[in-house]
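Below you'll find the structure, written out as structure tokens, and then a few comments.
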Amino acid sequence: LGFDALAIGLAWAVGLFAATVLFTPFLHKSGAYTLPSFLGHRFRSRSVRIMASVLLIPPTAMLLVAELKAASVVAALFLPFSEGIALITIAFSIAVIALFGGMRSVTWSGSVGFIVGAIGIGVPLTIVAVLVTNLPAPQLTYGETFPSLQNLESILGLPPAQTMPFGQALPIAQPSPSAKPFLQPFGMIGALDMVALFLCLALGTASLPSLLTRSGVTPTTSDQRRSGGWAVLFVSIFAMTAPCLAAFAKILVFQDLAQPGSSAPGWLTQLNATGLGFVRDANGDGTVSGSELFIARDAIALVLPMAANLPFICTLLMAAGGMGVAVAAASNHLFTIGGSVAEDIIRIIDRSGALPRLTMAWVATGAVGIAACVFLMFADIDLLRAAIAAFAFAAATFFPVLVLAIWWRRFTKLGAMVAMGTGFAVMVLDAFIGGLSGTGPLQAPLAALIGASLSAAAGVAGSLFGPDLQ
């Protein structure tokens with residue numbers, strides 16, 4: 001997507017900043033273990049707590065299965081076993097971490113995973129930056145490659161793209177040709193769609209249950225604010241890193257293709273062997289244009305060290321970095337669902353205390369992990385679309401409720417239940433209509449903004465005009 005993809009990284013940074021300012025300090029002060037428990041304490045209501053716990057399962061589960069899918073695909077590419085075995089192994093590993101160590105082990109293992117990700121992605125990218133720009137600062141120097149990149153795109157006949165509906169503009173997971181010049185603004189995603197995508201991801205990040213759950217890992221509220229500040233910094237660095245990775249990969253790939261009379265480069269043979277890329281000479285002229293090179297969307301990071309002719313260890317580093325981030329995020333989502341089901345549903349229903357809390361958490365976490373594996377064994381999901389849909393569900397369902405619950409004293413139990421139900425219903429209706437039309441949740445960002453607006457209005461109306469159920 002080039003320029004159009006900037007909305008994703010910027011939205012994550014803005015969403016984390018909003019969560020740090022608006023929500024996490026107050027969740028930490030309340031002593032709530034989960035987002036549903038915070039709402040339950042705020043309204044002194046078991047029904048609000050159970051409802052919030054049920055509604056957080058779909059968005060968190062979508063992110064969980066997307067991350068398990070990403071990690072298992074990468075593992076199967078470089079390890080001598082199938083994707084199914086890789087999926088079971090990864091799910092079992094993160095379940096064991098969550099079951100026997102709780103939030104502490106999830107936090108420490110997640111920190112290690114993100115460190116592995118930073119090293120795995122940063123080292124090859126820095127080496128490529130030195131080779132291309134002579135300076136080890138890719139985020140600051142990749143701009144000087146733009147004239148060369150534009151010239152290569154012109155040589156390979158890559159025409160300006162036409163704006164398309166949001167769902168059709170998103171790149172698919174299967175190998176596909178380069179759709180637009182890298183620097184063309186609003187080439188495939190229109191300006192309004194880009195704004196909708198940015199707001200959807202920002203609101204969804206700010207109200208993501210698995211992110212807010214981590215508000216309790218610091219000793220004090222001030223430490224939580226500092227932790228949030230560091231998180232915003234690191235995500236902002238990622239938002240600056242992703243575009244330069246894509247730019248370097250594209251210029252190295254196009255340099256090889258633009259050389260007249262050259263044979264297929266070695267990296268293309270490697271991609272073809274793994275099914276992640278190939279060349280299709282559609283017009284039979286013996287040359288390759290930009291629209292005749294097909295590369296899988298999720299393989300761009302692996303293409304970079306291959307196209308730069310770096311040692312194979314750099315490709316492994318890049319794969320390990322991606323796996324580290326995916327596994328760290330998946331363990332957090334698994335713990336969030338299992339902990340919420342045990343703490344906010346089973347424990348509330350089992351008021352006699354017949355089931356020990358630790359046993360409930362173990363059973364719930366294990367069941368969620370098994371369910372995710374079974375689902376991925378039979379379903380083929382698109383990682384990008386699943387992630388966008390998950391953030392859209394979180395934005396429409398929880399963002400208005402959190403804002404009103406924290407910042408408006410007159411917000412009532414009825415208002416909270418109506419607001420959550422309205423936002424979630426809008427997203428379910430969007431997914432249902434999209435499924436019937438064969439397009440899937442393609443307009444999720446716009447639906448999320450409509451759902452969040454209706455949710456806020458319903459919450460205010462229910463609090464002002466509805467009966468007081470406190």
Side-chain angles (χ1 to χ4, degrees), residues 7-8 10-28 30 32 34-40 42-43 48-49 51-63 195-215 228 231-232 235 333 336 340 387-408 410-413 415-431 441 443-463:
I8 298 175
L10 293 176
W12 286 343
V14 171
L16 273 175
F17 177 79
T20 302
V21 173
L22 297 177
F23 302 145
T24 52
F26 301 95
L27 267 70
H28 189 279
S30 72
T34 62
L35 171 60
S37 66
F38 167 76
L39 294 176
R42 164 66 171 82
F43 300 104
V48 170
R49 187 170 180 174
M51 181 178 181
S53 182
V54 171
L55 296 185
L56 75 75
I57 294 176
T60 313
M62 281 188 277
L63 289 174
V195 171
L197 177 62
F198 169 80
L199 292 176
C200 165
L201 295 180
L203 300 184
T205 301
S207 55
L208 195 64
S210 52
L211 174 65
L212 299 178
T213 298
R214 306 186 73 85
S215 62
V232 172
V235 171
H333 296 312
T336 298
S340 181
I388 291 175
F391 283 103
F393 266 90
T397 306
F398 294 114
F399 186 83
V401 174
L402 284 168
V403 170
L404 294 173
I406 293 174
W407 297 97
W408 189 35
R410 294 186 60 185
F411 195 43
T412 65
K413 168 186 172 181
M417 297 181 70
V418 171
M420 286 190 294
T422 300
F424 188 81
V426 170
M427 292 308 304
V428 170
L429 181 62
D430 168 71
Q443 302 299 329
L446 181 59
L449 298 184
I450 295 173
S453 301
L454 294 178
S455 173
V460 171
S463 299

Are side-chain heavy atoms of Leu22 and Ile406 found at a separation under 4.5 Å?
no

Which atom pairs, donor and acceptor, lie under 3.5 Å between side-chain atoms of residues 447-454 and protein residues at least two apart or in another chain?
unit_1: Ser453; atom_1: OG; unit_2: Leu449; atom_2: O; d: 2.9

With a 4.5 Å limit on heavy-atom distance, are the side chains of Phe26 and Leu402 in contact?
no

Side chain proximity check, Leu55 to Phe393, heavy atoms < 4.5 angstrom
no

Would you say Thr336 and Thr34 make side-chain contact, with heavy atoms under 4.5 Å?
no

So does Thr412 get a backbone contact from the side chain of Ser463, meaning a donor-acceptor N/O pair under 3.5 Å?
yes

Note: Leu203 and Ala395 closest approach over all heavy atoms is CB-CB, 3.7 Å

Any donor-acceptor pair under 3.5 Å linking the side chain of Ser53 with the backbone of Arg49?
no

Close aromatic pair by centroid cut-off 6.0 Å: Phe399 and Phe391:
no

Exercise: identify the closest heavy-atom pair between Gly423 and Thr397
C-OG1, 4.2 Å

State, yes or no, whether a side-chain contact exists between Met417 and Val48 at a heavy-atom distance under 4.5 Å.
yes

Keeping the roles fixed (side chain from Ser455, backbone from Ala419), state whether a donor-acceptor pair exists under 3.5 Å.
yes

For Phe424, I'd like to know if atom CZ has over 12 heavy atoms of other residues, nucleotides or ligands within 6.0 Å.
yes

Under the rule for ring-ring contact (aromatic ring centres under 6.0 Å, His included), what residues qualify as partners of Trp408, not counting sequence neighbours?
none

If I compare all heavy atoms of Ala7 with all of Phe198, which pair ends up nearest, and what's the gap?
O-CD1, 3.8 Å

Spacing of CZ belonging to Phe43 relative to CZ belonging to Phe38, to within rounding of 0.5 Å
8.0 Å

Close side-chain approach of Val54 to Met420, heavy-atom, < 4.5 Å
no

Donor-acceptor pair, distance only, cut-off 3.5 Å: does the side chain of Ser37 make one with the backbone of Ala32?
no

Below 4.5 Å, heavy atoms only, C-beta onward: do Pro445 and Leu199 meet side chain to side chain?
no

Please confirm whether the backbone N or O of Ala19 pairs with a side-chain atom of Thr24, one donor and one acceptor, at under 3.5 Å?
yes

From Leu211 CG over to Leu16 CG, what is the distance, rounded to the nearest 0.5 angstrom?
5.5 Å

So, taking the atom named CG in Leu35 and the one named OG in Ser207, what distance separates them when rounded to the nearest 0.5 Å?
8.5 Å

Tell me, with the steps shown, if Phe23 and Val403 meet side chain to side chain contact (heavy atoms under 4.5 Å, CB included).
CA-CA 8 Å; Phe23 302 145; Val403 170; 3.7 Å; yes

Smallest separation among heavy atoms of Cys200 and Ile388, with atom names
SG-O, 4.4 Å

What are the two closest non-hydrogen atoms of Ala456 and Leu404, and how far apart are they?
O-CD1, 4.1 Å

Approximate separation, where rounding is to 0.5 Å, of Ser210 OG and Leu63 CG
6.5 Å

Shortest non-hydrogen contact from Leu39 toward Ala405:
CD2-CB, 4.2 Å

If I take atom NE2 from residue His333 and atom OG1 from residue Thr213, how far apart are they, to the nearest 0.5 angstrom?
10.5 Å

